[in-house]
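Okay, so here's the structure we're looking at.
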Amino acid sequence: MTATRVLVLNSGSSSVKYQLLDMRDSSRLAVGLVERIGEETSRLKHTPLTGGGEPREREEPMADHEQALRAVADELAADGLGLDSPELAAIGHRVVHGGLKFTEPTVIDDAVMKEIERLVPVAPLHNPANITGIRTAQALRPDLPQVAVFDTAFHTTMPESAARYALDVKTADEHRVRRYGFHGTSHAYVSRKTAQLLGRAPEDVNVIVLHLGNGASASAVRGGRCVDTSMGLTPLEGLVMGTRTGDMDPAVIFHLARVGGMSIDEIDILVNKKSGLIGLCGDNDMREIRRRIDAGDEEAALAFEIYIHRLKKYIGAYYAVLGRVDAIAFTAGVGENAAPVREAAVAGLEELGLAVDGALNSVRSDEARLISPEYARVAVAVVPTDEELEIADQTYALVSDRNA
Ligand code: ADP
């Protein structure tokens with residue numbers, strides 16, 4: 001029997017998201033999520049997508065990722081999709097930080113694990129959880145190929161002019177300070193899909209991708225290769241996000257420390273968790289913000305304006321970086337669903353060949369689609385992202401190649 005299934009694992013500090021896919025037709029066999037790992041109230045939500053099974057929930061304390069993954073394995077086994085199945089070809093792991101070394105998905109061995117560990121100082125919140133997820137999966141199926149798919153990989157093609165900060169070179173190099181970029185799996189997938197939507201080869205198309213979820217980033221993609229992206233050493237840089245400031249004069253941090261008496265850790269939490277939309281108006285869900293604006297709430301309206309102003313600046317900047325733009329693609333929770341954000345982001349940019357058709361923009365759909373009017377020089381697209389499918393595809397391509 002040929003093994004055609006791939007399990008995709010996205011391990012966060014206290015959560016694990018997973019999907020089991022059959023790569024013959026890219027169909028999902030099961031999806032799920034474990035939350036609050038390490039707490040008394042851990043919860044596993046499992047949805048089988050074959051055989052008409054109903055979603056199931058388990059609430060029980062799960063002390064660590066190993067317990068959580070064992071519980072996931074039990075749920076999959078109950079649907080006849082156990083991890084011991086010979087049909088499982090590989091496990092694909094989302095790994096947030098791959099530094100400069102990992103430019104491609106990589107089969108994990110001891111040397112690869114060491115390198116992911118070496119990157120913990122530049123990704124202290126993310127890589128440790130990813131490492132735990134990998135170790136646990138290895139313990140469950142030591143014989144199975146485990147593949148790391150890095151969030152940073154797509155951005156490793158950025159030229160030095162975009163990747164380097166204008167920081168003293170010696171200090172920057174000593175501490176590996178440079179712009180790495182994140183959400184790379186999504187930017188890669190969406191830029192490719194956008195070219196497909198235009199009926200053109202990715203090599204011939206220049207795209208600005210706007211990944212607007214709770215975390216948000218923009219990228220400039222020339223002929224299928226990333227040439228600039230808005231997140232930097234960490235995901236803090238760039239656009240206004242759900243809870244992050246995005247771009248801000250770094251001296252604000254010195255000011256808050258020296259004059260405001262705040263500690264570095266307090267400022268870290270402030271700028272990453274308590275700022276952005278939530279810091280500006282108390283809400284980070286775009287649906288709620290739009291509801292408040294419709295009800296006349298000025299605080300929410302200003303937060304929205306600040307969000308859009310930053311987005312516009314990046315569209316303009318990446319237009320200039322690319323020189324010629326064929327398409328702008330909106331993706332992720334806000335980009336896929338919030339028509340007012342898309343409309344406001346390109347409003348007034350007709351001189352750049354950009355416009356949105358009101359009727360097309362208000363259509364709700366899960367499909368990739370164009371929302372620009374026929375006459376517009378630049379296509380504006382909504383392209384639902386699918387990071388899990390991209391991870392599964394890359395994982396399967398790698399292990400199939402090895403076995404070929
Ligand atoms: P992440 O993966 O970064 O957590 P998502 O890409 O799932 O985020 O995006 C989540 C965000 O998408 C929510 O915080 C909300 O602001 C926005 N969102 C989701 N659905 C809608 C909708 N129907 N209309 C407007 N915004 C939405």
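Note that ligands are numbered from 1 as they come in the structure, with each ligand's atoms numbered from 1 the same way. The figures that follow rest on heavy atoms only: side chains count, while hydrogens, waters and symmetry mates do not.
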Any side-chain donor paired with an acceptor under 3.5 Å for Thr4 and Asp22? yes

At less than 3.5 Å, what protein N or O atoms come close to the N or O atoms of ligand 1? Include the distances to 0.1 Å.
{"residue": "ligand 1", "atom": "3 (O)", "partner": "Asn214", "partner atom": "N", "Å": "3.0"}
{"residue": "ligand 1", "atom": "3 (O)", "partner": "Gly215", "partner atom": "N", "Å": "3.4"}
{"residue": "ligand 1", "atom": "6 (O)", "partner": "Gly333", "partner atom": "N", "Å": "2.9"}
{"residue": "ligand 1", "atom": "8 (O)", "partner": "Asn214", "partner atom": "N", "Å": "3.2"}
{"residue": "ligand 1", "atom": "12 (O)", "partner": "Val334", "partner atom": "N", "Å": "3.4"}
{"residue": "ligand 1", "atom": "16 (O)", "partner": "Met286", "partner atom": "N", "Å": "2.8"}
{"residue": "ligand 1", "atom": "20 (N)", "partner": "Arg287", "partner atom": "NH1", "Å": "3.4"}

Does one side chain, of Thr331 or Glu336, offer a donor that lies under 3.5 Å from an acceptor on the other? yes

Would you confirm whether the ring centroid of His97 sits within less than 6.0 angstrom of the ring centroid of Tyr180? yes

Salt bridge check: are Asp143 and Arg141 linked by an N-O gap of less than 4.0 Å? yes

Compute whether any side-chain donor of one residue and acceptor of the other, for Glu237 and Tyr165, lie under 3.5 angstrom apart. yes

Might you confirm whether atom CD of Glu57 has over 12 heavy atoms from other residues, nucleotides or ligands at distances under 6.0 Å? yes

